[in-house]
J.: 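One structure, as C-alpha cells, below. Some questions next.
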Amino acid sequence: MSLAQVHHISAAAGDESAEGRFTAVGRGVTAALLAELEPLFAYVLPDGAPHRPTDAELRSLPQAFTYAVLSDGSRVVGRTAPARGESSAPVRFHTHAVHIPVGVPLPGDRLPVEAWRSPHWATVTPAGGASLSDPLGALPPGPAPVREGLDDFAVSRGPWLAAVLADLRRASEEPPPAGGPVVLVERRSADVARWLGLAAVALPRESAERLTFTTYTRRPGSSALRVVGVAPEDAAGAREAGLRVHVCADRPPVEATGDVWARTAARVWRSRAPELFQEARGLPGDPFAAGPLAVVALCAGVGLGSEERAAAAGWAAERPYALDAKRVGQLVEALTSPGIDDRTGSEFDAVGRLFGALDGRCPASVTAPLAAMLVTEAVRGGNGSLELPRRDAFVGPEGEAIAGVLGPEILTELESGAGGSRPVARTVQLLRVARLLGMNTRELLPDVATRLAPALLRETKAETEGPEMPEGPEGYAGPGRPEAAPGPSGASKPPVAPAFAPALLELLDEQFDVRTALLGALDRIAPEGPGAVARFLERVALPFTGTQALPHLRMCAEAPGAMTTLGRDRTALWHRILRAAGLSPFAEPLVLRTAAGLVWEDRAPTVEEARLLLEAATSDAHRAAGTWSRLADAALGAPANAEEAEALAHDLLRAFPQEIQGRERAALQLLALCRDLRTGAPEPGWADRVRTLRDHAAPLEPPVQERAFTALAERLLAPDRPGAELYAFVRSDDTDLIGAYDRAARTEPTRTRLRTQPAYAADCFTVWTAHPHAGPAWTTTAAALLEEVLRPAVRSMSAELVAEVEETVGRTGSSGRANAFRDWNRSRALGRLGRRIVGRVRRG
C-alpha cells in the first residue's frame, strides 16, 4: 500500500517574518496528527552556525532523522535537513516524513532506522505537493544500506560500545524506564544514526521497534523520545537535566558496565561478526540473556571475558540438548583454550556444572578437556568450591597424563608441615582429587588427618560463632548456646554449617579410609576441647555409625540434644553424656574429662557436683583424666557459706597428694584446717598456720579467706581455746585476722553468750584487757570490744550475774584483775550518774 507523506518547512531561528507550515500532506493525515507532528519537526541551529552559510557549511549542519510513535498508535519516520531559503530567510529547515498507520509494517518489513540513508528523502517540496519517490518503499533489496560501515564504526567506538548498548537495551523495554531519554553525544548526527543501527542489529526486532529516536535536538530534556542525539556543546545541559549521557566524542569512559549481555554484544561488534546476533536469537532463553550470544560467539572464535564465558558455560549446562555435537565441541575447545589466563571462580563453577551436564551425554574425548581443566584449577588455583568430575572421567590415557602432571604436586602439598594452617577446603579438595586420579595416599593419611582435625574446629569457630549470649542461672552456658537464641519470630535459629561442610561430607562418603583416619583424630583431640567438637558436630553431621568406638565423639554428639532435653539439670546431663560414651571411666578415664568439659566447659562445678565427679570414678581415673583440677576449682570457688567445701578439700588432698601443689595446695589445706577448727582438734600452732597458708596461697580466693578467718576467729572466741594459740594470734597484730576476730565477736551468738554466761563474759574481759602492749591493731580492737560489745552485755545483766562475772575474773586471774573489772564497770556507771547531775545543775 502507498504510505502518506508529509512535507513541512520552517524558518531559521530569529526569523519572525516567516512561519513554519506544512507544504504537502498526504491522504489520511488529520489535522490532529499534524498538530502532534509539528513539534517533532522543530529545528534549532547549533551554536555558532553562520547566518548565511556557504553550500559546504549548509551541508555540514546536522540532520535530524526521527522515528516517533503518535498518540493514536501510528508512527512517523522523517528527516529534517537545513535547506537554502530566500533572501529574508537564508536557511530554512525542510522536513520530509512518512506516516505509517497502526498495524502497517514498513515496506519490506524494514526497521525505521534502515531508512536514514535512503536517497529519496527530499530537501524541497515536490511540485504539485506530491512525492513521486517513496523514501521507504524505494529502499534496495537485500541487506539494508544502513549496515554498511557499521563494523568500522563499532571498532572506532569500542570503549563506549558496551555502556551505550546496555542503555539502549534498557531504553527499549516496555514500559520505558523513567528518567528521560538516553542522550548520545556525537559531533555528527550521522554517527548517532549509526549507534541506532548497531542497536537495531543487536536487539530483538520488537525491542528495536520500540526504540523511538531523533539524531539531533537542542532540547533533550523536553523530548518524549527514548533516544536523542545532541552536539557536544549541549552535553552539559543534558547532564544537568539528570539524563543518562554518553559523550562518545570525548575521552573514553573509566567504569565498565555490569551488563554482561551488553559486554558480549560489544565484543561481537568489535569482532565484525554481527550475523551472530541473529544466530543467537535462534537459541532458547531470554532475549537479553548473555548465555546464548556468548555461546555462538565462542563457537565462532570471538574472544570473551571471564563473566561472558561463565554465562556461556552456565547457559549450556542448563540446556545441553540445545547444542549439536559440533557446537558442543567448539564450546569446550573455546572454554579450555590454553591461552586464557583470566579465569575466575565463577567461571570454573559454571564449567563444573557444564561438565556435569555433558558427562555421560557426550563422548569422554569431548568432556576430558573440561575435566582436566577442573582438576588443574582445583590443585593449582585453590578453588575449593569446584564440582569435581566423577572418578571414571579420566579412565585411559587422559587420566594418566593429568595424574603424571598433578600427582607430585598433590603429594608434596599433603606432606607439607604447613597443613596446620592450610584451609580445610584446600585439604579436602586435594584428597578428593588424589582419589580421582587414582593416587595412593594411604601412608599420608594419619598425618593429614591429625592436622585436619583441629583445623575443622578452628574454621568452624571462625565462620559460624557469633557474640556470646549472656550467662543463665548459675552461670551455665553449654555448647551450642549462642546459636540457640530465639530469632525474630521466636523460633530457635538452626546451627549454621561452615562453608566447607558439603565437600567434607562428600569426601567422607567417597573415601572410607579418610573417614576412619579423620574420625579417629577428632576423637583423640575431643577431650581437650569437647565444647568445640560438640559445636562442630551440631553443624556438620559426621557419619560415625560404623564399628569404630569413638567414645568422645559420641559424647559430643549427644551433648546438644541432651542440653535441650534436660536444660540446666547438670547432674542428669552428666550421667546421660557419660552413658553415651559406651565405655566405663575405669576402662577409658578420658571420658571423665570429655564429659566434664561438655557439662561445665570453662566453668567450675559446684561443690555438690564435684562430689558427684569424685565418686563417679577412682582417684586414679581422675588423675589420668586430669579432672582432679576441676574438683580443686570447685572447692576453691565455692561460696563462703558452702560447708561441704571443707570436706571436699580434705578428700582432695588425700586423693591427689602429688598432683595438687603450689598455691592451690595451700588454699585447700587452709580449707581443710577450717574443717579441723570447727569439728576436730587441729594440731598445735594453727593460729600461725592460718597466716602461713594464707601467704602461700596468695592470691587467695576471697571466699576461702573469709571462711578461714571466720573459723579461726570463732575458735579463738571459744572458752576452751589454747592460750598459746591466742597469744600467737594477739602478738601477730595481723590486721586482717584481727578484723575477722572483731566481726565474729560482734555477731549475735557471741553477744547472747556474753549476756547469759558470766564465765564467758569474764573470760572475754580477761582476754581483751590482758595484752595492753600487743600492737595497735589488737589494742584498738580490744578497747572497742570492751566498750561496744562487753559493756552493753554486762549492763543488761542482773546484779547477781555481774557479781558472778567479777568473782570469776578474780578466781581465774587475780584480785587485782577483779578490782580492774569493778573499776571498769563502775567508771561507766559513775560516768552516767555524773552526766545526769551536771544536766540538772545546768537546767536549774
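Just so you know, residue 1 is the first one in the sequence shown, and it goes up from there.
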J.: Regarding Trp600 and Glu609, do their side chains bring together a donor and an acceptor under 3.5 Å, going by distance alone?
T.: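 Distance-only check passes for Trp600 and Glu609.
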J.: Is there side-chain contact between Met555 and Pro530, with at least one heavy-atom pair below 4.5 Å?
T.: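 No, their side chains stay 4.5 Å or more apart.
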J.: Between Arg817 and Thr769, is any side-chain donor less than 3.5 angstrom from a side-chain acceptor?
T.: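 Yes, side-chain donor-acceptor contact under 3.5 Å.
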J.: Under a 3.5 Å distance rule, please check whether Glu644 uses its side chain to pair with a backbone N or O of Glu608 as donor and acceptor.
T.: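 No: the side chain of Glu644 does not pair with the backbone of Glu608.
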J.: On a heavy-atom basis, which atom in Ala625 and which in Pro589 lie closest, and how many Å separate them?
T.: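 In terms of heavy atoms, the two residues are closest at CB-O, 3.2 Å.
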J.: Run the salt bridge (Lys or Arg N to Asp or Glu O under 4.0 Å) check on Asp633 and Arg630 step by step: do they pass?
T.: CA-CA 5 Å; Asp633 292 342; Arg630 286 187 179 272; over 6 Å; no
J.: Using 30° and 60° as the class boundaries, would you call the ring planes of Tyr741 and Phe729 parallel, tilted or perpendicular?
T.: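 Tilted: the ring planes of Tyr741 and Phe729 meet at 30° to 60°.
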J.: Can you measure from CZ (Phe709) to CG (Leu700) and round to the nearest 0.5 angstrom?
T.: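 Separation between the atoms: 7.5 Å.
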J.: What pair of heavy atoms forms the shortest contact from Ala777 to Thr781, and how long is it?
T.: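 For Ala777 versus Thr781, the nearest heavy atoms are O-OG1, 2.8 Å.
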J.: For a side chain to side chain contact (heavy atoms under 4.5 Å, CB included) check, start with the C-alpha distance between Ile525 and Leu457, then their side-chain angles and the critical distance, and finish with the verdict.
T.: CA-CA 10 Å; Ile525 67 173; Leu457 308 184; 3.9 Å; yes
J.: Roughly how far apart are Tyr760 OH and Leu790 CG, rounded to 0.5 Å?
T.: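 So the OH of Tyr760 and the CG of Leu790 are separated by 10.0 Å.
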J.: Roughly how far apart are Arg675 CZ and Leu648 CG, rounded to 0.5 Å?
T.: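 One gets 11.0 Å once the value is rounded to the nearest 0.5 Å.
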J.: Taking the side chain as every heavy atom from C-beta outward, state whether Leu636 and Leu668 have any atom pair closer than 4.5 Å.
T.: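 They are in side-chain contact.
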J.: Look up atom CD1 in Ile738 and atom CZ in Arg743, then write down how far apart they are to the nearest 0.5 Å.
T.: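 The distance works out to 11.5 Å.
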J.: Is the side chain of Thr710 donor-acceptor paired with the backbone N or O of Arg707 at a distance under 3.5 Å, no angle test?
T.: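 Answer holds: no.
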J.: Stepwise, does the side chain to side chain contact (heavy atoms under 4.5 Å, CB included) test hold for Gln548 with Thr516?
T.: CA-CA 8 Å; Gln548 287 179 278; Thr516 301; 3.6 Å; yes
J.: I'd like to know if Arg689 pairs up with Asp676 as an ion pair, taking the criterion as any Lys NZ or Arg NE/NH1/NH2 lying under 4.0 Å from an Asp or Glu carboxylate oxygen.
T.: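 Salt bridge: no.
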J.: Strictly below 4.0 Å, N to O, side chains only: are Arg623 and Asp620 in salt-bridge contact?
T.: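 Salt bridge: yes.
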J.: Do Arg576 and Glu558 have side chains that approach each other closer than 4.5 Å (heavy atoms only, starting at C-beta)?
T.: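 A side-chain contact under 4.5 Å exists here.
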J.: Kindly indicate, with the supporting measurements, whether the criterion side chain to side chain contact (heavy atoms under 4.5 Å, CB included) is fulfilled by Arg694 and Asp734.
T.: CA-CA 12 Å; Arg694 176 200 60 186; Asp734 189 303; 2.8 Å; yes
J.: Heavy-atom distance under 4.5 Å between the side chains of Leu553 and Leu537, does that happen here?
T.: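 Yes - at least one pair of side-chain heavy atoms lies under 4.5 Å apart.
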J.: I'd like to know if Arg746 and Glu788 make a salt bridge, using a cut-off of under 4.0 Å between side-chain N and carboxylate O.
T.: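 Salt bridge flag = yes for Glu788 with Arg746.
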J.: If only atom types and distance count, is the side chain of Glu538 paired as donor or acceptor with the main-chain N or O of Ala557 below 3.5 Å?
T.: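 It does not hold such a pair.
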J.: Using 0.5 Å steps for rounding, measure from the CZ atom of Arg654 to the CD1 atom of Ile660.
T.: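 Between atom CZ of Arg654 and atom CD1 of Ile660 there are 12.5 Å.
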J.: With no hydrogens and no angle check, is any side-chain donor or acceptor of Thr750 less than 3.5 Å from a backbone partner on Ala744?
T.: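 Answer holds: yes.
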J.: If we only count heavy atoms from C-beta on, is the Thr594 to Val533 side-chain gap below 4.5 Å?
T.: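 Of all side-chain heavy-atom pairs linking Val533 with Thr594, none is under 4.5 Å.
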J.: Hey, can you tell me if His771 and Trp778 have their rings parallel, tilted or perpendicular (30° and 60° cut-offs)?
T.: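 Geometry flag for Trp778 against His771: perpendicular rings.
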J.: Tell me, do Leu518 and Leu542 make a side-chain contact under 4.5 Å, heavy atoms counted?
T.: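 Answer no - side chains too far apart.
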J.: Which heavy atom in Val704 sits nearest to a heavy atom in Ala667, and how many Å separate them?
T.: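 Smallest heavy-atom distance, with atoms named: CG1-O, 4.0 Å.
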J.: Please give me the minimum heavy-atom distance between Leu671 and Ala649, naming the atom from each residue.
T.: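 Where Leu671 meets Ala649 most closely, the heavy atoms are CB-CB, 3.6 Å.
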J.: Tell me, do Cys764 and Arg753 make a side-chain contact under 4.5 Å, heavy atoms counted?
T.: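 No, too far: nothing below the 4.5 Å cut-off.
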J.: Between Leu522 and Phe544, does a side chain to side chain contact (heavy atoms under 4.5 Å, CB included) hold up when you go through it step by step?
T.: CA-CA 11 Å; Leu522 279 170; Phe544 51 89; over 6 Å; no
J.: Using modelled atom types only, decide if a donor and an acceptor are shared between the side chain of His696 and the backbone of Arg665 within a distance under 3.5 Å.
T.: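 No: the side chain of His696 does not pair with the backbone of Arg665.
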J.: Can you tell whether the side chains of Arg721 and Asp763 come within less than 4.0 Å, N to carboxylate O?
T.: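 Looking at Asp763 together with Arg721, the answer is yes, because their closest N to O distance falls below 4.0 Å.
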J.: Just by modelled atom types, is the Pro792 backbone N or O under 3.5 Å from a matching donor or acceptor in the Arg755 side chain?
T.: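 A pair under 3.5 Å: no.
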J.: Is it true that Glu804 and Arg811 have a side-chain N and a carboxylate O under 4.0 angstrom from each other?
T.: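 Not counted as a salt bridge, because no side-chain N and carboxylate O are separated by less than 4.0 Å.
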J.: What is the distance from atom OG of Ser416 to atom CZ of Arg451, rounded to the nearest 0.5 Å?
T.: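 Here the rounded value is 7.0 Å.
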J.: Mind checking ring pair (Phe, Tyr, Trp, His ring centres under 6.0 Å) for Phe765 and listing every partner two or more places apart, or none if nothing turns up?
T.: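 Counting only residues at least two positions away or on another chain, Phe765 forms a ring pair (Phe, Tyr, Trp, His ring centres under 6.0 Å) with Phe821, Trp824.
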J.: Measuring only between side-chain heavy atoms, which start at C-beta, is Asp651 closer than 4.5 Å to Arg611?
T.: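 With C-beta onward as the side chain, the pair touches.
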J.: I'd like to know whether CD of Glu748 has more than 12 heavy-atom contacts from other residues, nucleotides or ligands below 6.0 angstrom.
T.: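 Yes, enclosed.
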J.: Keeping the roles fixed (side chain from Glu646, backbone from Ala642), state whether a donor-acceptor pair exists under 3.5 Å.
T.: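 No; zero donor-acceptor contacts below 3.5 Å.
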J.: Closest heavy-atom contact between Ala521 and Ala449?
T.: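 Heavy atoms only, the tightest pair is CB-O, 3.5 Å.
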J.: Please check this pair: side chain of Arg663 against backbone of Pro699, looking for a donor-acceptor N/O pair closer than 3.5 Å.
T.: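 Pair found, side chain donor or acceptor close to backbone of Pro699.
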J.: Charged N to carboxylate O below 4.0 Å: is that the case for Asp720 and Arg715?
T.: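 Salt bridge between Asp720 and Arg715, a charged N being under 4.0 Å from a carboxylate O: yes.
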J.: Looking only at non-hydrogen atoms, find the nearest pair between Val591 and His552 and report the distance.
T.: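 Smallest heavy-atom distance, with atoms named: N-CE1, 3.6 Å.
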